[in-house]
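Counting starts at 1 for both ligands and their atoms, in listed order.
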Amino acid sequence: MTSSRTVNPHLLHTLFRADDIDRRVRELAENIRNDISERPLTVLVVLKGAFVFAADLVRVLGVPLKIEFICVSSYGTATVSSHQTEILLEPKDLSGRFVLVVDDICDTGYTMQCVKKRALELGADSVKTCTLLDKPSRREVDCAVDYAGFVIPDVFVAGYGIDCAGEHRELPDIYVVET
Ligand code: IMP
Ligand code: MG
């Protein structure tokens with residue numbers, strides 16, 4: 001048995017290695033920490049893609065917080081957004097909370113726009129948005145990302161929680177995927 005890991009051949013090349021991601025997550029955490037002051041923070045994690053990023057981010061934030069999850073279907077197994085968002089899971093109540101929405105990627109912006117609106121409807125005092133990856137060239141709706149890890153071009157990626165047709169979430173690095 002070999003100890004080296006076999007990466008699926010349709011993964012093209014590494015875009016960000018785990019140590020680059022780790023460094024950037026720590027920088028994002030510092031920026032967020034400086035902006036929070038004493039406000040009661042809820043991190044609202046967008047499932048499934050943000051689960052690895054959010055787990056790393058909350059552990060280096062170093063402030064008391066609550067975690068909630070929201071699941072919005074937009075992609076299914078395809079690599080092109082349907083532009084239709086449906087909320088499959090959401091928190092009961094966010095009243096009085098300063099909400100930080102954490103997603104893996106902001107692409108067309110529909111998901112982030114939908115989650116931000118829903119967080120306010122659920123009573124959030126204010127909402128900020130954070131994505132590990134931002135593809136501004138793909139944006140179709142006006143959706144500001146307050147904290148973005150890396151700005152990337154129009155490529156399809158997987159790894160570090162991000163999937164391609166449900167696969168590759170477990171990979172520690174982020175890869176560009178052939179589509
Ligand atoms: P948006 O609603 O078009 O902004 O899509 C955002 C969601 O699409 C993200 O939360 C991701 O789950 C998914 N997504 C966008 N780009 C990619 C990609 O390159 N790889 C995998 N998922 C992606
Ligand atoms: Mg997603």
Side-chain angles (χ1 to χ4, degrees), residues 7-18 20-21 24-25 28-29 32 42-58 67-91 94 99-122 124 127-179:
V7 174
N8 191 308
H10 80 253
L11 298 177
L12 275 190
H13 64 266
T14 310
L15 189 60
F16 300 109
R17 303 194 70 88
D20 299 322
I21 299 168
R24 189 65 188 125
V25 170
L28 283 174
I32 293 165
T42 293
V43 171
L44 181 59
V45 183
V46 183
L47 294 175
K48 301 176 185 170
F51 83 105
V52 174
F53 172 42
D56 283 347
L57 184 68
V58 296
I67 299 187
E68 296 283 0
F69 298 96
I70 188 162
C71 186
V72 182
S73 79
S74 62
Y75 264 88
T77 56
T79 55
V80 178
S81 173
S82 65
H83 297 172
Q84 287 173 347
T85 48
E86 185 190 357
I87 296 176
L88 307 174
L89 169 84
E90 66 179 20
L94 293 170
V99 172
L100 180 70
V101 177
V102 174
D103 202 358
D104 52 356
I105 304 175
C106 191
D107 187 37
T108 62
Y110 282 99
T111 303
M112 199 53 108
Q113 188 187 57
C114 161
V115 172
K116 190 170 178 178
K117 179 169 166 277
R118 193 64 195 136
L120 289 167
E121 287 168 0
L122 289 166
V127 181
K128 294 269 189 195
T129 56
C130 173
T131 58
L132 180 64
L133 305 179
D134 188 9
K135 298 183 192 174
S137 67
R138 297 253 313 151
R139 207 71 96 247
E140 293 180 19
V141 291
D142 186 24
C143 161
V145 175
D146 298 302
Y147 307 97
F150 301 100
V151 172
I152 63 168
D154 181 9
V155 291
F156 201 80
V157 299
Y160 193 70
I162 302 163
D163 77 308
C164 177
E167 295 190 19
H168 310 312
R169 293 191 198 275
E170 75 284 6
L171 299 175
D173 299 334
I174 295 175
Y175 296 84
V176 173
V177 181
E178 190 172 17
T179 56

> At what distance, to the nearest 0.5 angstrom, does NZ of K135 lie from CZ of F156?
Replying inline: 6.0 Å
> Can you tell me if T131 has a non-hydrogen atom under 4.0 Å from ligand 1?
Replying inline: no
> So, does L133 sit close enough to ligand 1 that a heavy atom of it is under 4.0 Å from the ligand?
Replying inline: no
>> Assess the residue pair F16 and R24 against the criterion (side chain to side chain contact (heavy atoms under 4.5 Å, CB included)); give the C-alpha distance rounded to whole Å, side-chain angles, the decisive distance to 0.1 Å, and a yes or no.
In response: CA-CA 10 Å; F16 300 109; R24 189 65 188 125; over 6 Å; no
> Which residue, L15, I21, D173, forms the side-chain contact (heavy atoms from CB on, under 4.5 Å) with Y160?
Replying inline: I21
> Looking at ligand 1, does any of its N/O atoms fall within less than 3.5 Å of an N/O of C106?
Replying inline: no
> Atom CD1 in I67, atom CG in L44: separation rounded to 0.5 Å?
Replying inline: 10.5 Å
> With atoms numbered from 1 as shown, which atoms in ligand 1 lie under 4.0 angstrom from a non-hydrogen atom of D103?
Replying inline: 10 (O)
> Between the candidates L132, T111, V115, which shows the shortest non-hydrogen contact distance to atom 2 (O) of ligand 1?
Replying inline: T111
> Would you call K48 and D104 a salt bridge, using N to O less than 4.0 angstrom?
Replying inline: no
>> Once you restrict to heavy atoms under 4.0 Å, what part of V155 touches ligand 1? Side chain, backbone, both or neither.
In response: backbone
>> Taking 4.0 angstrom as the limit and counting only heavy atoms of T108, give me the atoms of ligand 1 inside it, by number and element.
In response: 1 (P), 2 (O), 3 (O), 4 (O)
>> Could you check whether any heavy atom of K135 sits closer than 4.0 Å to an atom of ligand 1, since that is the contact criterion I want to use?
In response: yes
> If you measure from each non-hydrogen atom of M112 to ligand 1, which part falls under 4.0 Å: side chain, backbone, both or neither?
Replying inline: neither
> Which distance, rounded to the nearest 0.5 Å, do you find between the CG of L133 and the CD1 of I174?
Replying inline: 4.5 Å
>> What verdict does the side chain to side chain contact (heavy atoms under 4.5 Å, CB included) test give for Y175 and H168, after you've listed the backbone C-alpha separation in whole Å, the side-chain angles of each residue and the deciding distance to 0.1 Å?
In response: CA-CA 9 Å; Y175 296 84; H168 310 312; over 6 Å; no
> Any idea which atoms of ligand 1 are less than 4.0 Å away from a heavy-atom of Y110?
Replying inline: 2 (O), 4 (O)
>> Taking only non-hydrogen atoms of A158, do any sit less than 4.0 angstrom from ligand 1?
In response: no
>> Measuring from atom CG of D163 to atom CG of L171, what distance do you get when rounded to the nearest 0.5 angstrom?
In response: 11.5 Å
> ligand 1 versus D107, non-hydrogen atoms closer than 4.0 Å: side chain, backbone, both, neither?
Replying inline: both
> If you round to the nearest 0.5 Å, how far is CG of L47 from CZ of F69?
Replying inline: 6.0 Å
> Looking at F156, which atoms of ligand 1 are within less than 4.0 Å of one of its heavy atoms?
Replying inline: 17 (C), 18 (C), 19 (O), 20 (N), 21 (C), 22 (N)
>> Please report the interatomic distance CG(D107) to CD(E140), rounded to the nearest 0.5 Å.
In response: 8.0 Å
>> With respect to V157, determine whether any N or O atom, backbone or side chain, lies less than 3.5 Å from an N or O atom of ligand 1.
In response: yes
> Considering only heavy atoms of I162, which atoms of ligand 1 have at least one such atom less than 4.0 Å away?
Replying inline: 20 (N), 21 (C), 22 (N)
